[in-house]
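Report on the structure given below.
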Amino acid sequence: MANTSEFSSKIGLIAATVGSAVGLGNVWRFPAETQAHGGAAFLLVYVICVLLFGIPVMLGEFAIGRAGKSDAIGSYKKLSPGKPWWISGFLGILCSYLILTFYMVVSGWTLEYLYQSITGQLFTSIPGVEEGSNLQFADRMEQYVAGIWPPMIWTWITIVICGAVLCMGVQKGIERVSNILMPLLFLILIILFVKAASLPKASEGLAYFFNPDFSKITPNVCISALGQAFFSLSLGMGTLITYGSYFRKDTNLTRTAFNVWLLDMMVAILVGMIIFPGVMSFGLEGESFDGSALVFVTFPEIFNNMWCPQLWSALFFILLSVAALTSSISIAEVSIAYFSEHYKMKRVPATCVVLLPLLLLSALSSLSNGILSDWTIFGYTIFGACDAVTANVLMPLGAFIMSIYLGWFAPKNLMKDQLTNGGTIRNNFAGTIIFLLKWVTPILILVIFITSLIM
Ligand code: PHE
């Protein structure tokens with residue numbers, strides 16, 4: 001009988017893994033981080049981080065998953081029984097849960113904005129704000145996220161939709177949904193890109209996005225770029241170990257990692273190439289929003305200046321919802337795989353065990369943007385703390401421990417065997433990847449951490 005905890009085709013495997021990588025991280029988090037950390041200077045450091053750490057760490061996770069053939073904890077236990085390396089998988093599961101608490105909230109905002117785009121409500125005036133003023137969208141967003149019921153209900157709707165897909169399992173749920181939604185996402189992105197390229201000040205926008213000011217590069221920019229690289233590629237928290245365990249014996253890991261990296265990077269850059277021409281063309285460059293609002297304020301403003309705003313806006317929020325859904329699924333799958341493997345639970349109960357407590361936690365996270373905004377941890381709200389601590393601390397830490405494990409303590413030849421499928425395929429990059437994982441990744445992560453703490 002076919003193993004249904006395995007992706008059934010190459011395309012499905014790529015679609016699901018790209019579906020995990022391409023998410024709110026590319027469309028919502030990336031432009032916000034770019035804006036907050038010096039524009040093109042951030043982009044440059046980000047690209048370096050993705051190349052130096054992204055691909056080796058991704059391959060490391062794939063290798064552990066496919067060799068261990070289990071969840072994030074179980075794979076470590078199988079590969080190094082009796083050793084404490086499984087703690088790295090445990091940290092990953094913890095991290096994935098923290099990410100879900102804010103990721104589901106933003107996914108909920110996306111669904112609400114999609115609904116409002118389709119009904120046209122998004123483009124109507126709101127009380128107290130002059131119609132057509134630039135403030136219209138900023139105020140709408142601020143009022144919306146600070147509200148009690150609407151953002152909470154949309155968050156719950158997102159959790160239920162993800163739960164339904166996850167209950168259907170790896171092939172019938174995750175793979176099938178990704179196969180349909182990912183091509184749709186790329187199609188919409190290309191339509192929006194063509195539209196943005198025809199805007200009056202497109203070239204100025206592009207110059208702004210691509211011209212780095214090197215004086216803006218600080219340790220803080222580096223740690224944020226590192227965090228963004230891990231977040232965007234879904235690294236350091238067991239997602240790709242879990243997906244790696246669904247890969248087949250003959251999957252070429254290096255080619256898969258390269259494709260995922262390329263498509264993920266392309267989406268982030270295309271989003272920048274859509275947003276900045278729009279910002280320039282419609283005179284929005286003087287406005288600075290809180291990062292989390294950028295996409296929800298700037299994009300509707302851009303659309304409002306175009307023919308048939310509702311159409312563009314609906315397309316964009318479909319794109320964002322698709323990106324959010326396929327990534328949320330992959331984040332939740334880390335814990336679901338653990339419960340079904342470790343406690344031999346069926347998919348449906350395992351999905352319920354993981355998602356039910358999330359109804360409460362994500363509600364708290366949502367409320368922390370409004371009535372619970374006084375509940376702070378080191379000055380961060382619950383929502384902000386979960387975002388910062390996962391991307392900037394837990395994910396790099398997870399990748400650090402994993403690279404130490406693979407470089408120094410894993411069974412001999414594990415990486416080499418996985419990169420060459422047991423010697424059956426040639427891999428000219430195997431030596432470089434193993435070297436990067438053993439030396440470059442752990443040392444650089446440590447250096448970036450220490451300098452950002454000192455400075
Ligand atoms: N990579 C996803 C994004 O860019 C987020 C994610 C993080 C998914 C960690 C899985 C694991 O939105």
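Numbering of ligands and ligand atoms starts at 1, following listing order. When reading the values below, keep in mind they use all heavy atoms of this one structure, side chains included, and skip hydrogens, waters and symmetry mates.
Using the six-membered ring where Trp is involved, Phe296 and Phe317 have ring planes that are parallel, under 30° apart on the 30 and 60° scheme.
Residue-level proximity to ligand 1 for Arg29 is absent, since no heavy atom of it falls below 4.0 angstrom.
Counting heavy atoms from C-beta outward, Ile274 and Phe299 have side chains that approach closer than 4.5 Å.
Considering backbone and side-chain N/O of Val22, none are found under 3.5 Å from N/O of ligand 1. The N/O atoms of Phe231, backbone and side chain alike, include one that comes under 3.5 Å of an N/O atom in ligand 1. In terms of polar-atom proximity, defined here as any N/O pair under 3.5 Å, Ser232 does make such a contact with ligand 1. Considering backbone and side-chain N/O atoms, Met395 never comes within less than 3.5 Å of an N/O atom of ligand 1.
Here Tyr46 and Phe30 bring their ring centres to under 6.0 angstrom of each other. Between Tyr343 and Phe339, the distance from one ring center to the other falls under 6.0 angstrom.
Near Asn26, the atoms of ligand 1 lying under 4.0 angstrom from a non-hydrogen atom of the residue are 4 (O). The ligand atoms of ligand 1 that sit less than 4.0 angstrom from a heavy atom of Leu24 are 12 (O). For ligand 1 and Tyr103, the ligand atoms under 4.0 Å from any heavy atom of the residue are 2 (C), 3 (C), 5 (C), 12 (O).
Nearest protein neighbour of atom 4 (O) of ligand 1, counting heavy atoms only, is Ala21 O, 2.8 Å.
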Verify side chain to side chain contact (heavy atoms under 4.5 Å, CB included) between Tyr338 and Val354, making sure each step is shown before the conclusion. CA-CA 10 Å; Tyr338 171 70; Val354 172; over 6 Å; no

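By heavy-atom distance, the residue among Ser328, Gly25, Ser20, Gly23 lying nearest atom 2 (C) of ligand 1 is Ser20.
Cation-pi geometry between Arg29 and Phe231 is met: under 6.0 angstrom from the ring centre, within 45 degrees of the axis.
For the ligand labelled ligand 1, residue Phe230 lies outside the 4.0 Å heavy-atom shell.
For the 3.5 Å distance criterion, the side chains of Ser20 and Ser234 qualify, holding a donor opposite an acceptor.
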